[in-house]
Amino acid sequence: MKLSGEDKRYLELAIKTAGENMKDGGGPFGAVIVRDGSIIARAGNRVVTGHDPTAHAEVMAIRMAAETLGTHDLSGCVIYASCEPCPMCLGAIYWAGIRRIVYASDRYRAAAAGFSDNHIYEELALDNGEKSIAMVRGLKEEGDSVLKKWEELPDKIQY
């Protein structure tokens, strides 16, 4: 699929953001979120500088966009990323309601640079008992009761 001029411009900005972010001690990743032709958020990876393993560029941009727009629903937005989003970022993109991702580099190039997410993709496909992280379940009824109360809330906002 060929990129539009607009796509190219925002993707170039995501790549530029990644480069600028490295100069400030951040990781080599950048993301830009756009809605209706306007930039809503622009962020770089701040995992090491912020001591936050979730501070990936895409997640940081989603947080900024949600705050700017005053909503958790970013369904009218497009995210541009300097690299293919990792499983965590992809999950956040789904939860945010974003339905279009435009990216430059891919997970294989990121792995060659030392950012391998492949084991996470593989782990997600395993049953809980097969994962390398222990998945221990307890207090099922108590946990289920909270969800039952949620289901019964008349004025809840579903997400």
Between [X] and [Y] (salt bridge meaning N to carboxylate O under 4.0 Å), is one present in this structure?
X     : Y      : answer
Glu20 : Arg42  : yes
Glu84 : Arg107 : yes
Arg46 : Asp24  : yes

Look up atom [atom1] in [X] and atom [atom2] in [Y], then write down how far apart they are to the nearest 0.5 Å.
X      : Y      : atom1 : atom2 : answer
Glu12  : Thr17  : CD    : OG1   : 11.5 Å
Met64  : Ile62  : CE    : CD1   : 12.0 Å
Thr68  : Leu74  : OG1   : CG    : 9.5 Å
Asp106 : Tyr108 : CG    : OH    : 7.0 Å
Phe115 : Cys86  : CZ    : SG    : 11.0 Å
Cys77  : Ile93  : SG    : CD1   : 11.5 Å

Handout entry: Check against side-chain contact (heavy atoms from CB on, under 4.5 Å), Tyr94 and Arg99
Key = CA-CA 7 Å; Tyr94 273 101; Arg99 293 295 174 250; 3.9 Å; yes
Kindly say whether [Y] contributes a backbone atom to a donor-acceptor pair with the side chain of [X] at under 3.5 angstrom?
X      : Y      : value
Lys8   : Leu3   : no
Ser82  : Gly30  : yes
Tyr10  : Gly37  : yes
Ser145 : Glu142 : yes
Asn45  : Pro28  : no
Asp127 : Gly129 : no

Taking all non-hydrogen atoms of both residues, which atom of [X] and which atom of [Y] are closest, and how far apart?
X     : Y      : value
Ala41 : Ala61  : CB-O, 3.3 Å
Ala18 : Phe29  : CB-C, 3.5 Å
Glu58 : Pro85  : OE2-CA, 3.6 Å
Ala92 : Val59  : CB-CG2, 4.2 Å
Pro87 : Leu124 : CB-CD1, 3.8 Å
Ala14 : Tyr80  : CB-O, 3.6 Å

Side chains of residues 149-159: which donor-acceptor partners sit under 3.5 Å, not counting sequence neighbours?
unit_1	atom_1	unit_2	atom_2	d
Lys156	NZ	Trp150	O	3.3
Lys156	NZ	Glu151	O	2.8
Lys156	NZ	Leu153	O	3.3

Handout entry: Arg63 and Thr54 side chains, donor-acceptor separation under 3.5 Å
Key =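 Side chains of Thr54 and Arg63: pair found under 3.5 Å.
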Handout entry: Flag for Asp73-Ser75: side-chain donor and acceptor within less than 3.5 Å
Key =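 Per modelled atom types, Ser75 and Asp73 side chains form a pair under 3.5 Å.
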Problem - Val102 and Ile79, any side-chain heavy atoms less than 4.5 Å apart - result: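 Side-chain contact under 4.5 Å: no.
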Handout entry: Arg109 atom CZ, over 12 foreign heavy atoms within 6.0 Å
Key =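 No - once you tally the heavy atoms of other residues, nucleotides and ligands closer than 6.0 Å, there are 12 at most.
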Exercise for the section: Check whether more than 12 heavy atoms from other residues, nucleotides or ligands sit under 6.0 Å from atom NZ of Lys16, and answer yes or no. Expected result: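 Result for NZ/Lys16: open.
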Under a single-linkage definition using a 4.5 Å side-chain heavy-atom cutoff for Ile, Leu, Val, Met, Phe, Trp and Tyr, are [X] and [Y] assigned to the same hydrophobic cluster?
X      : Y      : result
Leu13  : Val78  : yes
Ile101 : Val34  : no
Met135 : Ile120 : no

